[in-house]
Amino acid sequence: MEREVKTYVLKRSDDDAVPRKLSIDYAAALNSQQLAAVTAGEGPSLVIAGAGSGKTRTLVYRVAYLIDSGVDPSNILLLTFTRKSAQEMVQRAGELIGARSERVCGGTFHSVANLLLRRYGRSIGVEPGFTILDRGDAEDLIALVRSQLGLNEKDKRFPRKGTIMEMISKSENTLRSLEEIILDEFGHFADHIEDLSRLKTAYQSAKRQKQLLDYDDLLVMLRQLLLLDETARMTISRQFRYILVDEYQDTNRLQAEVVRKLAATHNNVMVVGDDSQSIYAFRGATFKNIMEFPQLFPGTQIYKLEENYRSTQPILNLANCIIDEAAEKYTKRLFTRKIDGPLPSLVEAAGENTQSRFIAQKILELREEGVPLSEVAVLFRSSFHSFDLEIELSRKGLPFIKRGGVKFIETAHVKDLLAHVRVIANPLDTVSWNRVLMLVEGVGPKKAHDLLAAIVKGGQPFDVLRGVSGRSGQGLKSLANTLESLSGAEARSPSEQVNQIYEYYLPILKEQYDDYPKRTRDLDHLHTIAEGYPGVNEFLADLALEPPDGSASGVDAPDRDDERLVLSTIHSAKGLEWQAVFVIWIVDGRFPSVYSFVADEDLEEERRLFYVSVTRAKRHLFLTYPINVYDKSSGMLLSKPSRFLDHVSSDLLDQVALVEEGGRGEWGRSHDPYY
DNA sequence: TTTCGTGTGATTTTT
DNA sequence: TCACACGAAA
């Protein structure tokens, strides 16, 4: 009889100079294209990864491979589009390689910039306690500055705060001058170029003074830091010796610049992306980044991933056909080994509600066939496109969560409450001060402005507030007391702060909104979130950088999390996949939207967006379009399917017409507002 | 100076 | 339909 051989494990020593045996069989887990990318050597590399080609898998294995071959995890920087996807990748790498992976630094450009600036920003005048302005706050500050400059005379048509913000943001993100942007894209405001430049300068210096950074500043300042502070630059680039960038097609010039600076000393940078899925041009992103990467980093190795593991061949045929029409791209052709599957359906509905009813019914049917709700998604161009469907789904008792659209964090009452927290954290934050003061009965723009001036000058905010007599005196005293009880002792936890402010704020909330019960629930939710944070600064920064999605509506059934279908804008669906996908409102004028008809490049972007939506589906794909819908904004009667389907041959799609049971007509449903 | 009401005008996608 | 900006009354 053979004796059983016992094994004894020899531990690895860390200073092992000889290349050690890798612990994972990479060749078995990956296809040859993926393997090549994963095991790429040092130096710049570009991975062109088609939809569903295992891009995430490749990145995860790349991280594991680097660690496996002796790289210290804390030397790896993983830049992704959302923080969630960074965490997911790190976690999956951990399953391969062990908990070591947790020391990988991962996150969005903005969140990494946030961390680095808080640590090293002092040298360029960024104090570690700075406050991050979200889009709304930034616009409020613009409005404030605008009125200070007296730029709101009524005779001239001056752009609104949102438009101004858009202009400035675009100029920052594309590294172009404001004048250029205005002449190029906002031609009708060309008369105001001088005023707008003044406004921009004033806005910038207001932020600087008050230690406020908007989203763009996070990147701008990081670039600044890398440019001006040699010591910080060396420290940072010594720390991040391997840089991985996901979704590179959606980076803008500014981000590309930051990557180049970060990698300047070692060139160990791998970017991954798909030019056909570039859908963030409105935010300054340009797929040219990915096209020009090899020029920016000479010696770039290019890898292409073309085998699709997600979808069936019929779905890919349609996808390929749509993107074939695109003007400019890296040529690649997706293929799959999943040959068989149902043809995608193109469904014509007599009106919006018919479309909704079709979807609800079909979802129930799919569930009968064994497709769980969690494997179903409904995608759309703009978030309001799902309103009618949401009602229909609730009526049928189908639970869903909605992604994209108005964020819970952006609702007025949540911003109100947070403004108080922020004032305590950064007493110079005049945007939040303004918000807080204006809530007090009897305080308007003038008094708020005066008080602010006194606070900035005089130092002791609470004394200033208590010194006021008259109509607003009582309210301001109460505000001062609340804030004072929370400041000073910095140990107050975020949840405690939220709690106290809630008590102070509740009467104001009731006064202001009739629907306050709904809103108090949001505030309860905020409190729950706050409980997860030990420190106020992390709490505030996280909230600004990675807002929890979904407003409180539609979150009615929190019990079985995986038993809900997803409603999502296409943008928010990036990188995700489902067994069954519905893309609704495939009507010319909605998708592509009328706004994109003017410029070719806008239309191209819509096409890529359509491509992204179609390639989310693993097996079942339904494209639906209502007809005879009157569009108020354009005055058009929408009745033709999207022009992106014009060149799709009819044998790639199942065309379906909906028939009412018993012959009841759609016109009978008079509650349909579009009808 | 604040607040409230009316009119206008524009209207996506998000860190 | 909604938000924003402006004008009039308290």
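The basis for the numbers below is simple: all heavy atoms, side chains too, and nothing from hydrogens, waters or symmetry mates. First the proteins, then the strands, lettered A, B, ... as listed; each starts at 1.
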Could you check whether A:F109 gets within reach of a base, just the sugar-phosphate, or nothing at all, counting any heavy atom under 4.0 Å? nothing
Base, sugar-phosphate or nothing for A:S593? Non-hydrogen atoms, less than 4.0 Å. nothing
Do A:F387 and A:F380 have ring centres separated by under 6.0 Å? no
Taking the six-membered ring for Trp, is the centroid-to-centroid distance between A:H385 and A:F591 below 6.0 Å?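 Judged by ring-centre distance (under 6.0 Å), A:H385 and A:F591 do not meet the cut-off.
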To the nearest Å, give me how far apart CG (A:D217) and P (B:dT15) are. 18 Å
For [X] and [N], is the shortest distance between a side-chain N/O and OP1 or OP2 below 4.0 Å?
X: A:T569; N: B:dT14; result: yes
X: A:S572; N: B:dT14; result: yes
X: A:S383; N: B:dT13; result: yes
X: A:R590; N: B:dT12; result: no

Counting heavy atoms from C-beta on, name the nucleotide in B:dT13, B:dT14, C:dA5 closest to the side chain of A:Y280. B:dT14
Can you check the distance between B:dT12 and C:dA5, where both ends of the measurement are the P atom (answer in whole Å)? 15 Å
Can you confirm if the NZ or CZ of A:R146 lies within 45° of the ring axis of A:F158 and under 6.0 Å from the centre of its six-membered ring? no
Verify, without hydrogens or angle tests, whether A:R118 (side chain) and A:P128 (backbone) share a donor-acceptor contact under 3.5 angstrom.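 Looks like yes, one N/O pair under 3.5 Å.
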With sequence neighbours left out, which residue pairs that include part of residues 443-452 of chain A fulfil the salt bridge (Lys or Arg N to Asp or Glu O under 4.0 Å) condition? A:K446-A:D450
Upstream residue (5' side of DNA chain B) when A:D216 and A:E606 are each assigned their closest nucleotide: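 Going by which nucleotide is closer to the 5' end, it is A:E606.
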Pairs under 3.5 angstrom, nitrogen or oxygen only, protein versus nucleotides 1-3 of chain B, please.
from: B:dT2; atom 1: OP1; to: A:G444; atom 2: N; distance (Å): 3.1
from: B:dT2; atom 1: OP1; to: A:K447; atom 2: N; distance (Å): 2.9
from: B:dT2; atom 1: OP2; to: A:K446; atom 2: N; distance (Å): 3.1
from: B:dT2; atom 1: O5'; to: A:G444; atom 2: N; distance (Å): 3.3
from: B:dT3; atom 1: OP1; to: A:G442; atom 2: N; distance (Å): 2.9

Going by centres under 5.5 angstrom and planes under 30 degrees, do the aromatic ring of A:F282 and the base ring of B:dT12 stack?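 Per 5.5 Å and 30° rule: no stacking.
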Got a sec, which residues hit salt bridge (Lys or Arg N to Asp or Glu O under 4.0 Å) with A:R160, two or more places apart in sequence or on another chain? none
